[in-house]
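First the structure, in the form of structure tokens, and then the observations on it.
Just the heavy atoms: all of them, side chains too, but no hydrogens, waters or symmetry mates, feed the values below. Residue numbers start at 1 and run along the sequence shown. Whatever order the structure lists ligands and atoms in, that order sets their numbers, starting from 1.
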Amino acid sequence: MGDNVVLVGFMGAGKSSVGRLLARQLGRCFVETDDMITAREGHSIPEIFAERGEAYFRALEEETVRLLALKSGDVIATGGGLYCREGRPEALKALGTVVWLRGDFDTLYERARRAGERPMLAGRGREEIEALYRAREPYYRQADLTVDTTGIGPDQVATRVLLALRERLSLSSLGRGQDEGPG
Ligand code: S3P
């Protein structure tokens, strides 16, 4: 398994801000899949959706997942839909520890609506977005770790992620010790 930390979760979960904080605290590089796509295409995410459509964007995400295999030791924030495709949980877990930033739908929805231009929200009502969230949840649930973001800010979320990562690391080294056994 790789040694990246991969953040997944719905729009508005705080993947970018938490990822940036985490990277700083861990002394690692921070990578965003949306930025990788934007840099390669020379267009913003809303432009890509408007000019080429969602299917084209999803194909770019597919390519991005392949490029992520070259990363090591990074903190990677993924776009909200990237993890939610057949085979993605397995592909991303192979890159490192996948952390789901979970939040209650109402909070995520309000945050996503307030912050920036999000093409997935355009022309869709609240119910449709909630249905999208429910359809994605089974994927997010497959993350290695889940951190609840409800009612707390990015700093506290980053601290919780760090604690969860540390706990997982010490458990896995304990596990290895037991496997090796005496003598
Ligand atoms: C998307 C989420 C966005 C971006 C694109 C599609 C989605 O990223 O990848 O607009 O399908 O949920 P954020 O989760 O950072 O908003």
Ligand-residue contact atoms, ligand 1 with [X], heavy atoms, under 4.0 Å:
X	value
Arg136	7 (C), 11 (O), 12 (O)
Ile45	5 (C), 10 (O)
Gly81	7 (C), 11 (O), 12 (O)
Gly79	8 (O), 9 (O), 14 (O)

Q: May I ask whether Trp100 and Val161 are part of the same hydrophobic cluster, defined by side-chain heavy atoms of I, L, V, M, F, W, Y residues being less than 4.5 angstrom apart, directly or through others?
A: no

Q: Measure Met120 to ligand 1 on non-hydrogen atoms and call it side chain, backbone, both or neither using the 4.0 Å cut-off.
A: side chain

(Q) Heavy atoms only, cut-off 4.0 Å: how does Arg58 contact ligand 1, side chain, backbone, both, or neither? (A) side chain

Q) Among all protein non-hydrogen atoms, which one is nearest to atom 16 (O) of ligand 1, and what is the separation to 0.1 Å? A) Arg118 NE, 2.7 Å

Q | Protein contact of atom 8 (O) of ligand 1 - nearest heavy atom, named by residue and atom, plus distance | A | Asp34 OD2, 3.1 Å

(Q) Any carboxylate oxygen within less than 4.0 angstrom of a Lys/Arg side-chain nitrogen, looking at Glu62 and Arg58? (A) no

Q. How about Tyr83 and Tyr139: are their ring centres within less than 6.0 Å of each other?
A. no

Q: From atom 2 (C) of ligand 1, work out which of Pro46, Gly80, Ala112 has a heavy atom at the shortest distance.
A: Gly80

Q. By side chain to side chain contact (heavy atoms under 4.5 Å, CB included), which residues pair with Glu51, not counting sequence neighbours?
A. His43, Glu47

**Q.** Modelled atom types, side-chain donor and acceptor of Ser16 and Glu32, under 3.5 Å
**A.** yes

